[in-house]
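Okay, so here's the structure we're looking at.
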Amino acid sequence: MNSSSPEARIALVGHPNAGKTTLFNALTGQRQKVGNYSGVTVEKTSGEFFTPHGNRFELVDLPGCYSLSPNSPDEMVTRDVLLGVQEGEAIPDLVLCVLDASNLERHLNLLLQVIDLGYPVIAALNKIDQAEAQGLRLDPTALTETLGVPFVPLSALTEKGFVALKQSLRFPFPAPGDRHWHGSHAVEESLSSLEKVATEAGLEPPAAHALQLLSDPSYQDSDHLPEALREAAKKGPQLAGEISQVRGEFVHRAVEAGLRRPDEKALQLTDKIDAYALHRFWGWGFFSAIMLTVFWSIFRFAEIPMGLIEEAQGALGNWVGSFFAEGDFRDLLVDGVIGGVGAVVVFLPQILLLFFFISLLESSGYMARAAFLMDSVMSRVGLSGKSFLPLLSGYACAIPGIMATRSIPSAKERLATILILPWTSCTARLPVYLLLVPLLVSGTGAQTLTLFAIYALGTITALLAAKFLKPRLGPAEAPQFMLELPPYQKPDWGFILRQVWDRAFSFLKKAGTLILGISILLWFLETYPKSDSADPAAQREASFMGMAGKVIEPVVKPLGWDSRTGTAMLTSFAAREVFVSSLSISYAVDEEADGAEDKLRDRLASAKKPDGSPLFTPLAILSLLIFYIYALQCLPTTAVVKRETNSWKWALGQLGGMTLFAYLAALAVFQIGSLF
Amino acid sequence: MNSLALDLKRDSALTLSQAAVGCEFQIKQVEGSACRQLREIGFCEQMRVKKITHGRNMLCTVCGTRLALSKDLADQIQVVPA
Ligand SMILES: Nc1nc2c(ncn2[C@@H]2O[C@H](COP(=O)(O)OP(=O)(O)OP(=O)(O)O)[C@@H](O)[C@H]2O)c(=O)[nH]1
Ligand SMILES: [Mg+2]
């Protein structure tokens, strides 16, 4: 035995939202994303854990699926891993099937399908706490007898039942059971003839492939299979419907043996909340109230920590400055490093607040309700409530949002969602908005509404773009919407805080590496080559940045921006936050007398054009905001779009199209606004 | 099957979208283009379902789980009063 590799691979399989990732995190100590809605995990992840017997196992978390006949790309991963046809992926030695004990009837069918594939299986009766609270009576012994696999009641959340779980995970693994049902003559006949073809083609295990081909028509198109087998399956009788019916009957008998559900009692809390949250009229009020609270808090509650960060930054600048004589090096440290990085870090509390609220929504169970409500809007533009979930994740960051589209069943809808997703404003834009909005309006109320309008504008344009794109992507499909609404749940504060902490850490890491590096570079470009003049304006013009500014000026002048804003916009293609650093550095070089302690916002407000009129007029700020709402300035997003759509055409088209649109929209706003 | 027999069959069962709000039903048959997905998510023959709201997307509970589904999907589910 090789001590460096785990002794066995265990795969977690179960319905969406059954608690697989919660269990995975609890066993491996990782912090993969958990949320109280379907389709959180869309990729395979793996980790390791030890049992009390000292065995080291690899645990593989898989996307949730309702059955082994996939409806969307994420579910396909699970099927392909179990059939051993996933590229570079060893076949699991054991499947830990995670079932939600509080609605076991619906979960047993998938368990049966996994058993049918011939795997050794352990069934985890998860959420046992919820099942008990609902007064459900489960009989694990009877279930074990009927289905022939061990049933372990547990709660992944409270870690109750973990000892029994780890006890059951020991060598030798339970022997794979036989198929529990017998189909009609036609079914059994087809199975054995397909098995023969699979054996001839050398496909392992042949019986599992035969069964999968017969019960899952989409598998007949899988490119992992030998041509002969696909042909045989397509030519033979199509009996998927019959198999699913036989399985259904078996599950019905198993449920009768092992589960007693109390008669429906009084309304649960979830029903009471939903009476409002899903109401045709109140539902929208509820939704808007949540959004407005989020934006209001971002302005209201972040003030204190932001003030502290600003003060600390000013003090740090003075303190560092006091060690060095006046000169370039001191300027580099104070203006370039502390000023440039600090200008972005100031917004950390507000970004974290937004993440906090998004995590709160995700773990409470409201996400599925929002998707339900939004479905009526989304269907008007050819999307469905399903695509609203990725769009909502897009408010945190476009990349996980694009990944989350893997749970959308329709390929066309998925593509349309990916293409419009960057228009839901991600948190990287937040520093730009938060710098500019207070320059435009004052007072928390007005600022909240302006921010709300910014997000609404991005989202509405995204939806209109979907309406435009969808018919051009292919023939129309019948709209279908089917979604599980999980019970509301008390947020897991520990998990949320740990997630917010992880975000803070990764943001600071970005500030300390990418943004720091760019800030230093920008400072050099602003400072060199040196001019003979002592006038800062003349110096700026002579610098590399000044030269670049001259080139960009004709392009951005029609938008109402000066050359410094233009170069700052260019640098923000490295990362949007850099726009703020870049402005901070450009406008620090300006008024040397009053020093850098002034807030960047005040420096911008007092910036003048050569003729003495204010530079950042409301119209210029508006045109800047419009540009940032629409511009796609995130190369990692383009890379992910390329990977997910498997096409450079879409990725580059999106990058170019959105940026061009941003420019034209900002141009229109400034030019039309200037007429009045 | 002649049309009279078809009509009779339809009379005894109604689709989930026609069913009344607030009542419990038993699923008689799931039939149509999405029948596999419907069965998988929980709308299986013999299961009990309670309808909560009408509408373009309706809401119902199956075995204690709340599920939302669009009208054309609900049309594929035939139920009888439980
Ligand atoms: N009450 C209770 N809730 C649980 C338990 N285990 C998980 N949950 C909750 O169930 C929800 C879903 O958990 P996840 O771990 O994200 O589910 P998943 O199976 O990974 O879901 P997908 O990734 O969408 O397939 C979360 O809100 C968890 O907090 C449990 O034992 N008891
Ligand atoms: Mg998961």
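In what follows, every heavy atom counts, from backbone to side chain, and hydrogens, waters and symmetry copies are set aside. Numbers restart at 1 for each chain; the letters A, B, ... are given by sequence-line order, proteins then strands.
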Inspect the contact between Lys51(B) and Glu24(B) and indicate whether a charged nitrogen and a carboxylate oxygen are less than 4.0 angstrom apart.
no

Whatever's closer than 4.5 Å to a heavy atom in chain B on Ser102(A) counts as backbone

Any sub-3.5 Å donor-acceptor pair from Thr61(B)'s side-chain atoms to Gly64(B)'s backbone N or O?
no

Pick from Ala74(B), Gly55(B), Ala34(B), Ala68(B) with the largest number of heavy-atom pairs that fall under 4.5 Å of chain A
Ala68(B)

Among Ser379(A), Pro486(A), Pro487(A), residue most engaged with chain B (heavy-atom pairs, under 4.5 Å):
Ser379(A)

Contacting moiety of His15(A), where chain B heavy atoms sit under 4.5 Å
side chain

Can any side-chain N or O of Arg79(A) pair as donor or acceptor with the backbone N or O of Glu75(A) at less than 3.5 Å?
no

So which part of Asp72(B) gets closer than 4.5 Å to some heavy atom of chain A, the side chain, the backbone, both or neither?
side chain

Do Arg66(B)'s NZ or CZ and the ring of Phe372(A) fall within the cation-pi criteria of under 6.0 Å and 45°?
no

Could you check which of Leu136(A), Leu483(A), Thr270(A) has the highest count of heavy-atom pairs closer than 4.5 Å to chain B?
Leu483(A)

Check each atom of Leu67(B) against the heavy atoms of chain A and say whether the ones under 4.5 Å are side chain, backbone, both or neither.
both

Over all heavy atoms of both residues, which pair between Ser69(A) and Ser215(A) is shortest? Give the atoms and the distance, please.
OG-O, 3.8 Å

Given heavy-atom pairs under 4.5 angstrom as the criterion, report whether the side chain, backbone, both or neither of Leu110(A) touches chain B.
neither

Between Ser33(B) and chain A, with a heavy-atom cut-off of 4.5 Å, which part of the residue counts as in contact: side chain, backbone, both or neither?
side chain

Is Asn71(A) in contact with chain B via its backbone, its side chain, both, or neither, using a 4.5 Å heavy-atom distance?
side chain

Decide, yes or no, whether a salt bridge links Arg36(B) with Asp216(A) under the criterion of side-chain N to carboxylate O below 4.0 Å.
no

May I ask you to decide whether Arg106(A) forms a salt bridge with Asp100(A), counting only side-chain N to carboxylate O separations under 4.0 Å?
no

